[in-house]
*Asks:* 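Please see the structure below; I have some questions.
The sequence lines fix the lettering, A, B, ..., with proteins before strands; numbering per chain opens at 1. Values in this document were obtained by computation on a predicted structure and should not be read as measured data.
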Amino acid sequence: MTSMGIDFLAFTGHKELQGPPGIGGLIIADTVDIAPIEPLVCGGTGSRSESEEQPEDMPDKFESGTPNLIGIAGLRAGIQWVKKREESLREHQKELTKSLVEGLAAIPQVTVYGTHNANTSIAVVSFTAAGKRVSEIGLRLDEDYSILCRVGLHCAPAAHRTIGTFPEGTIRLAPGVFTSRKDIATTIRAIKEMVRS
Amino acid sequence: MTQHGVILFHTTSSAIRAEKLLVKAGYAAKLIPTPREFSSDCGIALRFNWTQQQQVISVLAEAHVETDTVHQM
């Protein structure tokens, strides 16, 4: 945290860490003065039961209510699984992202957004195809090729304004740890077929 | 080819509920990405057989599923 200059690190359990949805975390650096920060929710920490006041101790100050134990256990199992394979997972996703970006960028009708550099990006690829609605591509990927993606604005209208894709949005593909090279080849072939028709 | 209609919803949970109800009642209903010509919403819509428009709408109305707009595709 210190070497990367991070004060607060918020994360979600279901992205890359293989945890279930509904669990996440907030890591606060020891160097942060938490005294002026008011918790959003107070009470039910299970500590200092005699007091009407929210405890100031960490982490109780920000951990009101009943913890999501099922989510925490699931996230723990996910993190343990990922930690054992960390490097190979990253390499796998990097390789898939690279071939997906290259395959898509080689299709003349397709515009791939972002850096096109799998070394400096996460395994998420956003693109559009000239003359095709993103919703049409998404539906056909699902129905004709059994490939799931998310199309549109991804609940991030500001990001789409920045890359110039508002309000139509983009098609977003994300090679996961269980995606194979064959899946990527099928995806590229599918997009090729769709933009031709 | 089947003539499709599409129903838009304000919430994802209404869309999921609508699909569940209609499939259970034997209608060909499927959740699809919201066609961009109808909305730039963040979400999903329900596709159905346009010839069953009236029945589909009444199933959803009877179950008090809140819908937005209905369109022919």
*Asks:* Could you check His14(A), Glu16(A), Lys15(A) and say which one makes a side-chain hydrogen bond (donor to acceptor under 3.5 Å, both in side chains) with Thr12(A)?
*Replies:*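 It is His14(A), the one option of His14(A), Glu16(A), Lys15(A) that forms the side-chain hydrogen bond (donor to acceptor under 3.5 Å, both in side chains) with Thr12(A).
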*Asks:* Within this structure, what is the CD-CD1 distance for the pair Gln18(A) and Ile79(A), rounded to the nearest 0.5 Å?
*Replies:*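 Nearest 0.5 Å value for the CD-CD1 distance: 10.5 Å.
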*Asks:* Is Arg90(A) salt-bridged to Glu86(A), going by a charged N under 4.0 Å from an acidic O?
*Replies:*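 Answer for the salt bridge query: no.
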*Asks:* Going by residue number, which parts of residues 18-32 of chain B are within reach of chain A, meaning a heavy-atom gap below 4.5 Å?
*Replies:*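 If one takes a 4.5 Å heavy-atom cut-off, the residues of residues 18-32 of chain B near chain A are Lys30(B), Ile32(B).
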*Asks:* Counting only non-hydrogen atoms closer than 4.5 Å, does Glu143(A) touch chain B with its backbone (N, CA, C, O), its side chain (CB onward), both, or neither?
*Replies:*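 Contact with chain B: side chain only.
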*Asks:* Report the distance from atom OG1 of Thr128(A) to atom CD of Glu168(A), rounding to the nearest 0.5 Å.
*Replies:*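 Rounded to the nearest 0.5 Å, the OG1-CD separation comes out at 8.5 Å.
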*Asks:* Evaluate the ring planes of His71(B) and Phe38(B), with Trp represented by its six-membered ring, and classify them as parallel (under 30°), tilted (30 to 60°) or perpendicular (over 60°).
*Replies:*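 Correct class here is parallel.
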*Asks:* Going by side-chain heavy atoms closer than 4.5 Å, which hydrophobic residues are tied to Leu40(A), directly or by a chain of links?
*Replies:*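 Its cluster partners, ordered by chain and number, are Val41(A).
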*Asks:* Enumerate by number any residue of residues 100-122 of chain A whose heavy atoms lie under 4.5 Å from heavy atoms of chain B; in the absence of such residues, state 'none'.
*Replies:*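 At a heavy-atom separation under 4.5 Å, chain B is reached by no residue of residues 100-122 of chain A.
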*Asks:* Could you tell me whether Lys94(A) and Glu91(A) have a side-chain N and a carboxylate O separated by less than 4.0 Å?
*Replies:*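 A salt bridge links Lys94(A) with Glu91(A).
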*Asks:* Do the side-chain N and O atoms of Ser64(A) and Gln54(A) include a donor-acceptor pair separated by under 3.5 angstrom?
*Replies:*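 Side-chain D/A pair, Ser64(A) to Gln54(A): present.
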*Asks:* For Glu56(A), enumerate each residue passing the side chain to side chain donor-acceptor pair (under 3.5 Å) test, keeping only those at least two apart in sequence or located in another chain.
*Replies:*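 Here the qualifying residues are Lys61(A).
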*Asks:* Looking at His92(A) and Thr179(A), would you say the former's side chain and the latter's main chain have a donor-acceptor pair under 3.5 Å?
*Replies:*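 Judged by distance alone, yes, a pair lies under 3.5 Å.
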